[in-house]
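No hydrogens, no waters, no symmetry mates; every other heavy atom, side chains included, goes into these values. Quick caveat, the model's predicted, so the values are computed rather than measured.
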Amino acid sequence: MKIKGKEYRTIWFDNNVVKIIDQTKLPHQFIIKDLKTVEDSINAIKTMEVRGAPLIGATAAYGLVLSIIEKNDLSFLKKSSEDLISSRPTAINLKWAVDRMMKKLSGVNEKDILKIALDEAKAIVEEDISFCKNIGLNGLKIIEEIYNKKKNTVNILTHCNAGWLATIDWGTATSPIYHAHQKGIKIHVWVDETRPRNQGANLTSYELNEEGIPNTVITDNAGGILMQRGQVDICIVGTDRTLSNGDVCNKIGTYLKALSAKDNNIPFYVALPSSTIDWSIKDHKQIPIEERNSEELSHVVGIDENNEIKKVRIYPQKSKSLNLAFDVTPAKLVTGLITEKGVCKASENGLKGLFK
Ligand code: MRU
């Protein structure tokens with residue numbers, strides 16, 4: 001998608017270096033950063049210079065390429081794969097991408113390994129782009145249906161950033177939005193600010209602005225009243241891990257939006273590529289929920305009147321805090337899952353019907 005009119009992807013490989021857009025600096029500064037070692041990749045994931053389930057998967061895949069460039073050695077590669085997997089715990093795409101790479105590289109000789117690793121990392125990236133594009137085409141039909149009935153602007157609420165910045169291109173939740181916009185359907189997006197890191201305000205609103213899509217940033221607590229007032233037609237969010245029973249783990253606060261949508265009879269859709277499905281665990285209590293540094297809560301980062309980025313404390317140093325990064329929305333609150341293969345019910349039968 002576009003930044004200042006120029007097409008970008010969130011990650012690319014150039015001359016033995018992985019290039020990323022540093023998302024900790026957006027929307028105030030646009031900085032392309034070089035990752036030269038596997039350690040750089042691990043840090044980029046941990047510090048959230050790259051974030052969003054599909055993008056951290058792709059970064060981990062390229063991280064293994066960098067590991068081979070650094071030291072073509074099997075035990076180093078194995079250690080790199082373990083460190084990458086543990087760099088963030090909740091999004092399953094990370095483990096999915098590393099496992100896929102390691103399977104491809106198993107038994108490969110030293111001479112061929114770099115080329116095979118690079119080809120596989122690029123395949124993961126290209127596949128994600130085509131999956132996200134198809135998610136958009138499948139989700140477009142849902143937005144189109146609402147528009148044809150309403151014959152007026154469709155108001156879509158989204159949480160966090162499940163946009164192209166969270167993937168390689170198109171995004172998951174935003175892909176139907178971009179497709180609807182390109183088709184001339186009138187849309188407006190309510191963007192949840194998404195405390196504490198403000199991915200909605202900092203990233204989703206930014207990328208929608210760059211594409212010329214009308215949007216309004218709201219506090220995380222505003223969705224309820226907007227839904228009661230009939231100002232939300234549909235919610236579309238992303239996910240970091242979807243269980244085979246249709247339970248959806250996503251950014252903290254998603255669950256509250258789903259409850260509110262249910263109470264107000266508003267369709268609540270979750271958009272995901274199949275790389276986000278965890279077929280292995282049956283109970284959402286087994287999902288490792290990331291707990292991040294409390295400084296993300298106690299401090300906010302912004303730009304002052306001199307265009308300088310500042311970080312300030314917003315509550316007493318003595319106060320305790322708990323910073324859970326994700327929550328789980330039970331399948332019963334999800335109207336449907338929008339995937340690259342079509343839209344299905346949030347249930348084992350629904351998912352198995354699409355992904356045999
Ligand atoms: O902590 P983040 O910013 O990595 O969390 C991102 C989300 O929760 C997204 O909704 C999710 O990864 C889906 S990305 C298409």
Side-chain angles (χ1 to χ4, degrees), residues 1-10 21 26-27 52 54 126 128-192 194 199-218 222-223 226-227 229-239 257 261 264-273 334-344:
M1 308 300 290
K2 291 195 278 296
I3 293 178
K4 296 211 182 342
K6 188 173 168 200
E7 288 286 340
Y8 281 95
R9 288 178 173 187
T10 51
I21 298 168
L26 290 174
E126 295 304 327
D128 190 67
I129 295 171
S130 96
F131 284 2
C132 284
K133 185 169 182 194
N134 284 334
I135 288 169
L137 294 169
N138 292 327
L140 165 66
K141 295 177 203 146
I142 301 168
I143 298 177
E144 223 166 9
E145 212 171 287
I146 297 172
Y147 184 66
N148 289 339
K149 264 197 216 142
K150 195 181 172 194
K151 306 241 177 307
N152 208 339
T153 305
V154 180
N155 286 300
I156 304 165
L157 183 140
T158 192
H159 191 68
C160 193
N161 174 262
W164 75 270
L165 290 167
T167 63
I168 318 298
D169 209 352
W170 291 107
T172 58
T174 57
S175 188
I177 293 171
Y178 289 131
H179 280 86
H181 180 69
Q182 287 179 3
K183 222 179 157 188
I185 295 172
K186 277 202 236 156
I187 46 174
H188 164 260
V189 185
W190 295 113
V191 178
D192 281 352
T194 318
Q199 291 96 325
N202 289 345
L203 304 175
T204 305
S205 181
Y206 169 76
E207 61 165 87
L208 292 173
N209 289 345
E210 293 294 315
E211 291 291 326
I213 299 183
N215 68 91
T216 308
V217 177
I218 51 174
L226 291 173
M227 292 189 209
R229 287 178 171 177
Q231 288 174 275
V232 178
D233 297 302
I234 179 174
C235 303
I236 312 180
V237 300
T239 165
K257 294 299 137 65
N264 291 282
N265 269 323
I266 291 161
F268 187 93
Y269 282 93
V270 180
L272 61 131
V334 179
T335 311
L337 302 174
I338 309 171
T339 78
E340 75 268 16
K341 289 214 175 165
V343 180
C344 70

Novice: Any donor-acceptor pair under 3.5 Å linking the side chain of Thr204 with the backbone of Ala162?
Specialist: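 No, the answer is negative, given that no donor and acceptor are paired below the 3.5 Å cut-off.
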
Novice: Please give me the minimum heavy-atom distance between Ile135 and Glu340, naming the atom from each residue.
Specialist: CG1-N, 3.6 Å

Novice: Keeping the roles fixed (side chain from Thr216, backbone from Trp190), state whether a donor-acceptor pair exists under 3.5 Å.
Specialist: no

Novice: Salt bridge or not for Lys6 and Glu210, using N-O below 4.0 Å?
Specialist: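 The answer is no: the pair does not qualify as a salt bridge.
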
Novice: Among Ile3, Asn215, Asn161, which residue satisfies the side-chain contact (heavy atoms from CB on, under 4.5 Å) criterion with Tyr206?
Specialist: Ile3

Novice: Within the 4.5 Å heavy-atom criterion, are Arg9 and Ile129 side-chain neighbours or not?
Specialist: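 They are in contact (side-chain heavy atoms under 4.5 Å apart), so the answer is yes.
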
Novice: Judged by atom type as modelled, is there a donor-acceptor pair below 3.5 Å linking the side chain of Asp169 to the main-chain atoms of Met1?
Specialist: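 It does hold such a pair.
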
Novice: If you compare all heavy atoms of Pro54 against all heavy atoms of Asp128, which two are closest, and at what distance to 0.1 Å?
Specialist: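 Between these two residues, the closest heavy atoms are CB-OD1, 3.5 Å.
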
Novice: Mark yes when over 12 heavy atoms from residues, nucleotides or ligands other than Lys150 sit less than 6.0 Å from its NZ; otherwise mark no.
Specialist: yes

Novice: If you take all heavy atoms of Gly136 and Ser175, which pair is closest and at what distance?
Specialist: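 Shortest heavy-atom separation between Gly136 and Ser175 comes out as CA-OG, 3.1 Å.
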
Novice: Is the number of heavy atoms from other residues, nucleotides or ligands under 6.0 Å of Gln182 CD greater than 12?
Specialist: yes

Novice: Does any N or O in the side chain of Glu144 come within less than 3.5 Å of the main-chain N or O of Ala180, such that one atom is a donor and the other an acceptor?
Specialist: no

Novice: Restricting to non-hydrogen atoms, name the atom on Ile21 and the atom on Trp164 that form the minimum distance, rounded to 0.1 Å.
Specialist: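 It is CD1-CH2, 4.0 Å.
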
Novice: Answer yes or no: is there a donor N or O on one side and an acceptor on the other, between the side chain of Thr10 and the main chain of Thr167, under 3.5 Å?
Specialist: yes

Novice: Could you tell me which non-hydrogen atom of Lys133 sits nearest to which non-hydrogen atom of Trp170, and how far apart they are?
Specialist: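 Residues Lys133 and Trp170, closest heavy atoms: CB-NE1, 3.8 Å.
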
Novice: Using every non-hydrogen atom in the two residues, find where Gly238 and Thr172 come nearest and quote the distance to one decimal.
Specialist: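 Nearest pair, atom of Gly238 first, then Thr172: CA-OG1, 3.9 Å.
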
